[in-house]
Amino acid sequence: MTRSKVVELLNNGNAGDSVTVYGWVRTKRGNKQINFVALNDGSTINNLQVVVDMEKADEAVMKKVTTGAAVAVSGTLTESQGSGQNIELNGESIEVLGEANPEKYPLQPKRHSLEFLREIAHLRMRTNLFGSISRLRHAMIFAVHEFFNSKGFINVHTPIITASDAEGAGEMFRVTTLDAKNPPLTEEGEIDWKQDFFGKATNLTVSGQLEGELAAMAMGEIYTFGPTFRAENSNTTRHLSEFWMIEPEMAFYDIVDNMDLAEEFLKYLIKYALDNCMDDLKFLSQRLQQEEKNKPQAERSMELIEKLEFVLANDFVRLTYTEAINILENSKPNKKKKFQYPVEGFGTDLQSEHERYLVEKHFKKPVILTDYPASIKAFYMKENEDGKTVRAMDILFPGIGEIVGGSQREENLDVLEAKMDKMGVPKEEMSWYLDTRRFGSAVHSGFGLGFERLMLFVSGMTNIRDVIPFPRAPKQAEF
RNA sequence: UCCUCAGUAGCUCAGUUGGUUAGAGCGGCGGACUGUUAAUCCGUAGGUCGUAGGUUCAAGUCCUACCUGAGGAGCCA
């Protein structure tokens, strides 16, 4: 007999069908006459109820059917007499494939704290919550590729090991095969990287953007979707040391085309979740509502599905950095000196509290901020005619902050080189990058979307460590 | 990295101004119940109080250091 998935049986099973299911036991309850086993195989949030007639069942086998055990069940689908489900499986034969000692198995049929589940990340995907998140994450990965593929973008695998340290996107993890205890030294007493595996100092990538630009300047429209590494000592609910980033890069796109694409992309992903993951979203929503009960009314967020639909239905607010500074300067919290960091005109770097005010209080919807001062942004961003600002754009989401950061790129070689000199970026090492401006340069743009931040928004989770299966963060590299 | 808070049973927590033998709920185990939905009811076992020092007649409780975790800030996606 072939194996059926729980999701197929619940959606398309008919009473009378003879089926075999494999899965893990969530709970067992009942009495001497009858037992009910809730079976889950990861294919859906919903469990298949297996009904066992204890007068016919092997008692020794049923004793091993405990929470967490892997079982194979064969039997006949029947319409359920109970109220929690339409269809259930009349279990005629049950085989325990793998026992789970109930005195030692850490997942119990009860609510666990997220902190505890983080400590047992190797098992937490067996919970309803992390099962839902895993399916949702998969759906979002799939939707990313579907979106770009449908628009004719080429997926490019940019290198994970890089030698360039000029991107200025934070601390990097060194990649080396040198003996850590006894590295070869130069005459000056410095580590001699020439003797290392690649003949130079290498790191894990902090961004695929520069290579993405090379590809875009040949293929037109490309995107990358890969792991990214930052060795920053960040201990927050929004940062990981290893995370996944999507970076489209498009030739012949200016900053407005870039914004249009980013907004369309985010909405596509959210719609995909609503269209394909409703069971999981409903569960996540219920969980969120439960959490929010403990919060004061004013701090409660919108119901999850309502929030997703709201973002779909409304245009993102677009405004310049300068306009944002104006709003902030005239805002109540600024006048009442409620901001920890006062807003002091053009040049002020926006702090979390400022971004949150704009998104959560003032506009109450996603905001795209553009035209930041050149002084607070990266060297490769396209300078505006005013000479003061650059064509950068950050998309700010409620509860998350910056979810997308992007820009139109400086395509003029002279301007770019002048900026690199000014900001101390080594031109010689980046000669390969500058070749895109030397030969066939053109207007182009791109952005980076933090995949886990998207997951935070879509799932309603609040800690980024809960939306990636095996989080990497300072002092955390287990599993 | 900085600030704040926390660490007591498998899990979630209570534990008074320092004072006998450290408690509860859930989970586990045993039992009861002919259809349950995180079942219900009865019973039962389960603890190096994060680690190391210190103060004291006496420390889960006070002090110091360290470790771990959470929330916030910075850095950013």
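First the proteins, then the strands, lettered A, B, ... as listed; each starts at 1.
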Indicate whether OP1 or OP2 belonging to B/C11 is found under 4.0 Å from a side-chain N or O atom of A/Arg124. no
Sorted by chain and number, sequence neighbours left out, side chain to side chain contact (heavy atoms under 4.5 Å, CB included) with A/Leu10 holds for A/Val6, A/Thr44, A/Asn46, A/Leu48, A/Ile87
Restricting both atoms to N or O, compile the protein contacts to nucleotides 40-46 of chain B shorter than 3.5 Å, with distance only.
none

Would you mind telling me which of B/C75, B/A77, B/U12 lies closest to the side-chain atoms of A/Phe116? B/U12
With a cut-off of less than 4.0 Å, is there a side-chain N or O of A/Thr27 near OP1 or OP2 of B/A38? no
For A/Ser83 and A/Gly448, find the nucleotide of RNA chain B closest to each by heavy atoms; which residue's nucleotide sits nearer the 5' end? A/Ser83
Salt bridge (Lys or Arg N to Asp or Glu O under 4.0 Å) partners for A/Glu247, two or more places apart: none
Expressed in angstrom and rounded to an integer, what is the separation of A/Arg29 atom CZ from B/G28 atom P? 12 Å
Checking A/Glu303 against A/Ser285: is there a side-chain donor and acceptor pair closer than 3.5 Å? yes
Please list, for nucleotides 67-70 of chain B, all pairs of protein and nucleotide N/O atoms separated by less than 3.5 Å.
| from | atom 1 | to | atom 2 | distance (Å) |
| --- | --- | --- | --- | --- |
| B/A70 | OP1 | A/Arg118 | NH1 | 2.8 |

Whole-Å distance, A/Asp466 CG to B/G71 P, equals 8 Å
Kindly write out the residues that satisfy side chain to side chain contact (heavy atoms under 4.5 Å, CB included) with A/Gln340, not counting sequence neighbours, or none if the list is empty. A/Glu353
Taking only nitrogen or oxygen atoms into account, show me every contact under 3.5 Å that the protein makes with nucleotides 25-27 of chain B, one pair per line with its distance.
| from | atom 1 | to | atom 2 | distance (Å) |
| --- | --- | --- | --- | --- |
| B/C26 | O2 | A/Lys110 | NZ | 3.2 |

Aromatic centroids of A/His145 and A/Phe225 separated by under 6.0 Å: yes
If you only use heavy atoms from C-beta on, which nucleotide in B/A77, B/C29, B/U37 is closest to the side chain of A/Glu103? B/C29
Using a 4.0 Å cut-off on heavy atoms, which residues in residues 343-352 of chain A reach RNA chain B? List them by number, or say none. A/Gln351, A/Ser352
Taking only residues two or more places apart in sequence, or in another chain, which ones meet A/Phe265 in a ring-ring contact (aromatic ring centres under 6.0 Å, His included)? A/Phe147, A/Phe148
Between the side chains of A/Lys335 and A/Glu329, is the shortest nitrogen-to-carboxylate-oxygen separation below 4.0 Å, so that they form an ion pair? no
Partner residues of A/Ala262 under the side chain to side chain contact (heavy atoms under 4.5 Å, CB included) criterion, sequence neighbours left out: A/Met393, A/Ile395, A/Phe447
Could you summarise the pairing of RNA chain B as dot-bracket text, marking Watson-Crick and G-U pairs under 3.5 Å with ( ) or [ ] inside the strand and | across strands? (((((((..((((.....[...)))).(((((.......))))).....(((((..]....))))))))))))....
For RNA chain B, whose closest nucleotide is more 5', that of A/Phe36 or that of A/Pro106? A/Pro106
Could you go over nucleotides 3-8 of chain B and give all protein N or O partners under 3.5 Å, atom names and distances?
none

Mind listing the residues from residues 42-64 of chain A sitting with a heavy atom below 4.0 Å of RNA chain B? Number order is fine. A/Gln49, A/Lys63
